[in-house]
Amino acid sequence: MKLATWNVNSLNVRLPHVLDWLHENPIEVLCLQETKQQDIKFPYNDLKAAGYHAVHSGQKTYNGVAILSTHEMTDVEHGIAGFEDEQKRVISATIHDDPGHKIRVICVYVVNGQAVDSEKYEYKMRWLEALNSWLTGELKKYPNLVILGDYNIAPDDRDCHDPAAWEGSILVSPRERDAYEELIELGLHDTFRLFEADGGYYSWWDYRMMGFRRNRGMRIDHILVSDPLKNKCTSCIIDKAPRKLERPSDHTPVVLEMHL
DNA sequence: ATGGCTTCTGTGAGAAGA
């Protein structure tokens with residue numbers, strides 16, 4: 001089974017890239033973030049024509065998350081149970097593959113936080129705490145769990161192009177990294193790091209200052225798996241190809257392969 | 001360098017992203 005995550009920075013703008021990418025990369029599950037559109041505008045028909053079921057939790061202008069799958073999805077849940085949030089940042093579903101395996105997939109768009117001294121940063125920290133408590137229960141309910149998305153956290157200095165310049169800033173601050181580490185301590189594994197120990201691999205590059213060409217990026221999009229799935233993982237790669245297209249998203253897909 | 005780009009809203013210029 002192949003699963004991927006991609007922050008598309010507006011599905012309205014990026015739908016052609018998504019359809020082209022799915023055509024070239026036939027995978028079973030794709031989680032999208034920042035669709036930036038209401039459900040009524042979501043391109044269910046175009047995705048269906050491409051062979052994908054889809055579930056979406058969207059809103060106008062900001063946020064918005066979706067799960068696309070070639071397989072049937074059941075038990076769709078929106079948001080973090082018990083956490084009131086106007087912002088559409090989480091959607092979950094159970095994927096049923098052809099051999100009959102059941103995998104619980106959670107698509108997350110973690111709060112950006114803007115700057116460490118902003119109110120949005122405090123919201124980010126509260127949000128991550130709520131995610132953590134909720135996941136504790138979800139892991140018990142669903143042993144085979146994959147959490148894919150834009151975490152807006154670079155877990156360590158290998159995941160940042162210039163740690164000295166970024167020290168203490170948003171995306172790398174100690175409190176954010178501690179919150180990420182607490183997710184890992186629930187018994188989750190950063191699948192990219194199962195296969196690659198070196199730095200210099202990023203999933204986001206700033207649009208400004210030729211960030212991509214100079215590889216001035218951050219690895220902030222992650223695929224975490226629960227313990228029972230760890231040894232089923234066979235590869236996790238960052239596909240830089242879509243970042244090279246005309247009018248790209250500033251993020252690029254991360255792809256996990258598992259042999260169930 | 002409180003910048004740089006891109007998207008959104010909505011038709012201006014400002015917010016937000018990361």
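Numbers restart at 1 for each chain; the letters A, B, ... are given by sequence-line order, proteins then strands.
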| message | For a quick check of understanding: with a heavy-atom distance under 4.0 Å over all strands, which category does Asn152(A) fall into, base, sugar-phosphate or nothing? | response | sugar-phosphate
| request: Please work out if Leu171(A) contacts a base, only the sugar-phosphate, or nothing of the nucleic acid, heavy-atom cut-off 4.0 Å. | output: sugar-phosphate
| field | side-chain hydrogen bond (donor to acceptor under 3.5 Å, both in side chains) contacts touching residues 97-111 of chain A (sequence neighbours left out) | value | Glu34(A)-Tyr109(A), Glu77(A)-Arg104(A), Thr94(A)-Arg104(A), Asp97(A)-His101(A)
| query | Please, which pairs that meet side-chain hydrogen bond (donor to acceptor under 3.5 Å, both in side chains) have at least one residue in residues 145-157 of chain A, sequence neighbours excluded? | reply | Asn7(A)-Asp150(A), Asp156(A)-Arg158(A), Asp157(A)-Arg177(A)
| Which nucleotide of DNA chain B is the first, and which the last, in the 5' to 3' direction, to come under 4.0 Å of a heavy atom belonging to chain A? | dG4(B) to dA18(B)
| request: Look at the aromatic rings of Trp127(A) and Phe83(A) and report parallel, tilted or perpendicular, splitting at 30° and 60°. | output: perpendicular
| task | Determine whether the aromatic ring centres of Tyr44(A) and His56(A) lie less than 6.0 Å apart. | result | no
Give me the distance, rounded to whole Å, that separates [N] from [M] when you measure between the [atom1] atoms they each carry.
N: dG10(B); M: dG14(B); atom1: C1'; result: 12 Å
N: dG4(B); M: dA13(B); atom1: P; result: 16 Å
N: dA1(B); M: dG12(B); atom1: P; result: 36 Å

| More 5' along DNA chain B: Asn9(A) or Asn63(A), using each one's nearest nucleotide? | Asn9(A)
| request: Would you mind telling me which residue lines up with the more 5' stretch of DNA chain B, Ile170(A) or Arg14(A), judged by nearest nucleotide? | output: Arg14(A)
| field | Residues in salt bridge (Lys or Arg N to Asp or Glu O under 4.0 Å) contact with Arg214(A), at least two apart in sequence or another chain | value | none
| request: Taking side chain to side chain donor-acceptor pair (under 3.5 Å) as the test, write out the residues that go with Asn25(A), two or more places apart. | output: none
| field | Under 3.5 Å side-chain donor-acceptor pair for Thr74(A) and His96(A) | value | yes
| message | Do the side chains of Glu138(A) and Lys141(A) get close enough for a salt bridge, i.e. N-O under 4.0 angstrom? | response | yes
| message | Any residue in residues 198-221 of chain A with a heavy atom nearer than 4.0 angstrom to DNA chain B? Just list them by number, or reply none. | response | Trp204(A), Tyr207(A), Arg208(A), Met209(A), Ile220(A)
